[in-house]
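Being a predicted model, the structure only gives us computed values, none of them experimental. Nothing fancy with the numbering, it's 1 onward along the sequence. The figures that follow rest on heavy atoms only: side chains count, while hydrogens, waters and symmetry mates do not.
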Amino acid sequence: MGEIHIQTDQLQVVPGLVGGFIFVLGLCSLITKERLFLSETLLSMVFGIIVGPQVLNWMDPSRWSSNEYQLTQEFSRYALAIEVMIAGVTLPKKYLLKEWKSVLILLLPVMASMWLVSAAVFKFTFSISLVHALAVGACVAPTDPVLANAILKGMFAESHVPLRLRNILTAESGANDGLGYPFLFFALYLMRLGGGKAIGTWIYATWLYQVALSVLIGSVTGYICRKALRYAETAGWVDKESFLSSSITLALLLVGVCTIVGTDDILCCFVAGNSFTWDDWFRVETEDTGLQETMNGLVSMSFFIYFGTIIPWHSYTTANLLHPWRIFIAVLLIMTLRRLPVLMASYRLIPAIRTWQDALFAGWFGPIGVSAVFYSIETIKQLDMYEDSNGGRVATIVYPIVCAVVFGSVLVHGVTIPLVLMGKRVKTTISVSASSIWNQPGGLGLSAWYNDKRQRRQHHGGDAAGRPDDEAPGSQPPPEPAYLGPDTGLAVADGGPSSSLETGGRHMRRSRNPNDTLTELAPPAAASDDLVSSLQPPDSIADDGGLFMNARRNISPGHTIIFDR
């Protein structure tokens with residue numbers, strides 16, 4: 001009779017933990033994403049921290065391989081390759097050609113500014129040399145496509161962020177991940193070679209070989225695969241499953257090819273994805289399948305569960321350079337200075353970013369994530385490979401610093417939208433409450449009392465003894481208004497001439513002086529069905545209406561109420 005064995009090894013436990021978390025999160029995904037607006041990556045990272053070695057110790061990647069850095073880099077490499085391929089595929093027809101100016105400005109001057117600002121922050125905070133700070137700053141300069149997709153997809157983004165803004169941020173996050181190589185290797189070559197030799201090597205080895213060759217490989221491969229897939233689909237050779245997965249398999253192919261020849265595989269995958277859907281055919285055929293969103297969710301949640309388990313908490317101690325207060329200041333400065341100021345200063349030069357509200361959104365939501373982890377390990381790999389004596393300190397601190405910045409970015413950007421919406425709802429509640437007190441139906445509100453008092457002072461003067469207007473000698477008590485009810489919408493003062501007035505159902509009151517104008521009071525409370533229908537946004541809302549484009553304002557006399565969808 002066979003024995004029953006219970007497996008407790010982590011390699012058997014981890015799939016159950018990851019799969020169970022993703023399944024449970026999927027059961028309440030509409031609540032977390034569409035009502036609470038919580039980021040899946042934030043929840044995944046928190047779950048990874050809980051099950052990681054610092055808390056429950058159910059997942060410890062250091063036990064899975066003798067080289068944890070290599071495992072992390074390969075995981076991040078394939079996650080980035082799939083994400084940038086999805087980013088390239090989801091862009092509209094010939095997007096890079098149509099928006100070349102916006103993309104070029106974001107990839108060169110804006111990204112260079114982000115690199116230099118990040119380097120300045122690290123130099124100031126950790127008291128390291130400029131060259132070392134440039135290497136660490138290059139790791140956090142790119143915006144991350146994994147976290148960017150979490151922000152630019154979903155009901156909030158589709159309802160409040162214009163499509164042109166979502167497209168340009170997607171293009172930037174996909175392209176600048178690959179362009180992180182030139183900034184990183186510029187600092188590495190300065191440490192290794194120094195002076196003019198470093199610049200010469202940087203130009204031909206990085207720009208001409210890694211970047212230019214990657215763009216060429218991606219463009220040609222994407223074009224050939226698009227033509228081949230189009231022919232196979234027309235001839236009836238390809239089934240639906242293979243057709244939908246073709247972009248993912250293309251990403252895996254390019255990672256293998258670029259790794260062999262030593263080029264920039266991340267940039268190559270993005271260019272290939274855009275070339276693959278250059279004529280918009282593949283994007284249109286797959287946009288209703290949900291495959292891209294499904295792959296994005298699985299990849300992002302899986303990686304950030306893993307990331308939560310590998311954060312080097314033991315490195316943040318008071319005994320070394322990475323003092324907790326230094327880490328906190330560095331993360332705070334990176335979040336506020338790295339991207340937002342340069343976007344606010346240069347958005348007028350970027351055609352796709354039209355207003356300062358667009359620039360504020362694009363400047364704040366420049367997340368740091370998987371690409372930063374990938375480049376930090378690439379930095380350690382390059383320094384160990386060539387045994388640079390000048391880079392020993394960088395190899396020690398770059399990974400903990402980058403992990404702290406990524407943690408801060410996931411946390412801050414993950415709670416920004418819920419906090420903003422919570423603040424808007426509180427503001428709306430206070431505005432509605434104040435308006436209801438001021439404009440209470442039936443003439444009982446403060447607005448009616450204030451208008452009545454002002455009119456009495458204006459048209460009835462007091463006597464020399466300071467008596468009130470109503471008690472002045474020889475004055476007659478003014479007639480009280482007689483309301484005819486909400487159905488007629490008329491109110492005629494007793495003793496005054498009657499009149500007929502169409503008011504659309506609002507209470508109207510004639511002032512105490514028959515020669516005065518009519519004063520409009522607040523309308524009666526609307527029925528619940530009418531109120532619900534009045535909150536619906538208009539159908540003809542232009543996509544280019546700007547940030548928070550579906551916000552609608554209903555203005556009534558005497559007060560303003562802002563309704564948010």
Side-chain angles (χ1 to χ4, degrees), residues 69 72-85 87-88 103-122 131-148 169-191 202-203 205-215 218 254-255 258-259 262-271 273 303 334 338-339 342 366-383 391 394 398-399 401-403 405-406 409:
Y69 285 156
T72 303
Q73 187 179 31
E74 294 306 314
F75 194 176
S76 60
R77 182 195 305 276
Y78 285 96
L80 279 176
I82 293 174
E83 289 294 335
V84 298
M85 175 64 71
V103 174
L104 194 63
I105 293 176
L106 287 172
L107 292 183
L108 295 181
V110 172
M111 187 175 176
S113 300
M114 294 162 59
W115 171 44
L116 296 177
V117 169
S118 301
V121 168
F122 292 134
V131 177
H132 293 173
L134 289 174
V136 183
C139 297
V140 300
T143 56
D144 189 70
V146 179
L147 293 178
L169 294 180
T170 299
E172 181 200 11
S173 65
N176 68 7
D177 273 342
L179 288 180
Y181 270 102
F183 298 105
L184 175 61
F185 277 88
F186 180 80
L188 294 178
Y189 287 147
L190 284 179
M191 282 189 283
W202 179 62
I203 292 175
T206 302
W207 283 105
L208 297 181
Y209 186 78
Q210 286 189 324
V211 175
L213 185 58
S214 297
V215 172
L254 290 174
V255 169
C258 292
T259 303
T263 58
D264 189 345
D265 48 354
I266 307 303
L267 180 61
C268 182
C269 286
F270 172 74
V271 174
F303 181 84
I334 289 294
R338 162 181 165 267
R339 179 178 174 86
V342 64
I368 306 168
V370 184
S371 58
V373 177
F374 173 81
Y375 282 120
S376 67
I377 300 178
E378 182 67 22
T379 302
I380 298 174
K381 179 180 176 181
Q382 292 292 327
L383 294 175
V394 177
V398 61
Y399 182 72
I401 291 176
V402 168
C403 287
V405 174
V406 173
S409 179

Determine the minimum heavy-atom distance between [X] and [Y], stating which atoms define it.
X	Y	value
A135	L184	O-CD1, 3.8 Å
G174	A87	CA-CB, 4.5 Å
P142	R338	O-NH2, 3.3 Å
V255	A81	CG2-CB, 3.3 Å
V406	G369	CG2-O, 3.6 Å
G218	V271	C-CG1, 4.0 Å

Exercise. Does R339 come within less than 4.0 Å of E172, counting only side-chain N to carboxylate O?
Worked result: yes

Nearest 0.5 Å please: distance from the [atom1] atom of [X] over to the [atom2] atom of [Y].
X	Y	atom1	atom2	result
I377	C139	CD1	SG	10.0 Å
L267	D177	CG	CG	9.5 Å
C258	Q210	SG	CD	10.5 Å
F270	D264	CZ	CG	12.0 Å
L208	W202	CG	CH2	11.0 Å
R77	D265	CZ	CG	5.0 Å

Compare all side-chain heavy atoms of [X] with those of [Y] and state whether any distance is below 4.5 angstrom.
X	Y	answer
T263	C268	no
L147	S409	yes
Y189	T206	yes
I334	S118	yes
H132	F122	no
M191	L188	yes

Holding to ring pair (Phe, Tyr, Trp, His ring centres under 6.0 Å), I want the full list of residues that pass it with [X], two or more places apart in sequence or in another chain.
X	answer
Y209	none
Y375	Y181
F75	F303, Y306

Problem set entry | Worked verdict on T143 versus N176 for side chain to side chain donor-acceptor pair (under 3.5 Å) | CA-CA 7 Å; T143 56; N176 68 7; 2.9 Å; yes

Exercise. How far apart are the C-alpha atoms of Q73 and V373, what are their side-chain angles, what is the distance that settles it, and do they pass the side chain to side chain contact (heavy atoms under 4.5 Å, CB included) test?
Worked result: CA-CA 8 Å; Q73 187 179 31; V373 177; over 6 Å; no

For this session: Would you please test L80 and F374 for side chain to side chain contact (heavy atoms under 4.5 Å, CB included) and show each step?
Result: CA-CA 9 Å; L80 279 176; F374 173 81; 3.9 Å; yes

Problem set entry | Residue of the set V342, V121, L134 for which side chain to side chain contact (heavy atoms under 4.5 Å, CB included) holds with L116 | L134

Exercise. Have D144 and S173 got a donor and an acceptor in their side chains that come within less than 3.5 Å?
Worked result: no

